Amino acid sequence: MSSASQSPADPSAQQLRTRPDLESLPAYVAGRTVPGAVKLASNETPQGPLPSVARAIAEAAAEVNRYPDMVSTALTERLSRELDVPTERITVGCGSVALCQQLVQAMCAPGEEVVYAWRSFEAYPIATQIANAAAAPVPLDENHTHDLDAMLAAITPATRLVFVCNPNNPTGTVVRREALTRFLDAVPPHVLVVLDEAYREFVTDDDVPDGVELARHYPNVLVLRTFSKAYGLAGLRVGYGVGPAEVITALRKVYVPFSTNALAQRAAIASLDAADELMERCRAIVAERARVVAELRDAGFEVPETQANFLWLPLRERTGEFTEHALEHKVVVRGYAPDGVRVTIGEPAENDMLIAAARAFPLG
Ligand SMILES: *Cc1c(COP(=O)(O)O)cnc(C)c1O
């Protein structure tokens, strides 16, 4: 470096230097909230917290002068009993999106590779780049589903981690038992397969395997779940991972201290106490899902089979046009140009607005 560039008189020397590669980092785009419009853009559950959960949050709020339990002891023990998995194999995080980031940090040295399907959850490429790992995205197949054979072929000696999002966000499609176990049997044992089951509670197809069961049999499988979707706690930020003890230990090392707050920990336990009521809500969403899919197909849309609380409209180059059209009808949906539009299943009246908007959209 020349002495001139170090001179305080040189403006370029006075500029703060953030990582240049962050310029190319895609920002995580949250679903928009538009006043006066219904929001079907973030895969949230439409109802507010149950009274019992709101009470637990209020009780925990009385103690926020204290730091939260760093390792979420009570919630981890509760999950251990619920899932019949030892506590050493469970970790709680500030939403499962934080666990995605911790996973890449914990598994990958700079330049080591992460395989994931694309299009899938937008946090995977971001977490990969933030950790200086290398992304190996593998296109979905023609049915908007993970192409597990192609993902297997994308594994190299540098691969440390594979994300399999099941059901897949944003397409709602699933990988079933036979295909997934064949894949797991073939993945090298030193590569961690992360089954992201953020939407597990909405799955009604018995042929979609339970990731926690797979994690009992495969020592290189880790499952991610969240309280944000079916349990209705998106605003509190709490999720968990179930997997190999040595990976759980490594995840705890890259945890941002105290990031899972006390309200979230208490609300998660209260939600597990109220699981029956909350799963009843999920069943109502699933019934609405069938109705909305049928209506949209009847209106002429291609709608892949979905097992989540949202559906996918592969509108390709008309993606932006549809999201704007829906907004004019007071419905906020989530466009992923140039691939398609993701629509969350909401309350029946909200879904009716979406259906009316879709029926008014001129399909070519
Ligand atoms: C919503 C979502 C998550 C996690 O959300 P958190 O609120 O961070 O727990 C994880 N994976 C997928 C695929 C999701 O859609």
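Predicted, not measured: the structure shown is a model, and the values here were computed from it. Numbering of ligands and ligand atoms starts at 1, following listing order.
- Atom 8 (O) of ligand 1 has as its closest protein heavy atom Arg237 NH2, 2.7 Å.
- Screening Val193, Val191, Leu103 for a side-chain contact (heavy atoms from CB on, under 4.5 Å) involving Leu161 leaves a single residue, Leu103.
- Protein heavy atom nearest atom 10 (C) of ligand 1, with residue, atom name and distance: Ser96 OG, 3.2 Å.
- For Asp196, a nitrogen or oxygen atom sits less than 3.5 Å from a nitrogen or oxygen atom of ligand 1, counting backbone and side chain alike.
- Taking a cut-off of under 4.0 Å to the non-hydrogen atoms of Ala198, the atoms of ligand 1 that pass are 2 (C), 3 (C), 10 (C), 11 (N), 12 (C), 14 (C).
- Residue contact check: Lys229 has heavy atoms under 4.0 Å from atoms 1 (C), 2 (C), 3 (C), 4 (C), 5 (O), 14 (C), 15 (O) of ligand 1.
- Between Ala98 and ligand 1, no N or O atom pair is found at a separation short of 3.5 Å.
- For residues 243-255, the set of pairs meeting the side chain to side chain donor-acceptor pair (under 3.5 Å) definition, not counting sequence neighbours, comprises Tyr255-Thr260.
- Residue-environment remark: CZ (Arg66) stays at or below the threshold of 12 foreign heavy atoms within 6.0 Å.
- Heavy atoms only, all atoms of each residue included: Gly211 and Glu197 are closest at N-OE2, 2.8 Å.
- Heavy atoms of Tyr199 found under 4.0 angstrom from ligand 1 belong exclusively to the side chain.
- Residue contact check for ligand 1: Asn43 places no non-hydrogen atom closer than 4.0 Å to it.
- In the model, Gln307 has no side-chain atom that pairs as donor or acceptor with a side-chain atom of Asp205 under 3.5 Å.
- Of all atoms in ligand 1, listed by their number and element, those nearer than 4.0 Å to a heavy atom of Ser228 are 6 (P), 7 (O), 9 (O).
- Listed by chain and number, the residues in a side chain to side chain contact (heavy atoms under 4.5 Å, CB included) with Leu363 are Phe301, Leu315, Phe361 (sequence neighbours excluded).
- For ligand 1, the atoms lying closer than 4.0 Å to a non-hydrogen atom of Cys165 are 13 (C).
- Residue Asn169 touches ligand 1 through its side chain alone, judged by heavy-atom distances below 4.0 Å.
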Asp196 vs Asn169, side-chain contact (heavy atoms from CB on, under 4.5 Å): CA-CA, chis, key distance, verdict | CA-CA 10 Å; Asp196 185 342; Asn169 178 3; over 6 Å; no

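- Side-chain contact check for Tyr218 and Asp185: at least one donor-acceptor pair (N or O, by modelled atom type) lies under 3.5 Å.
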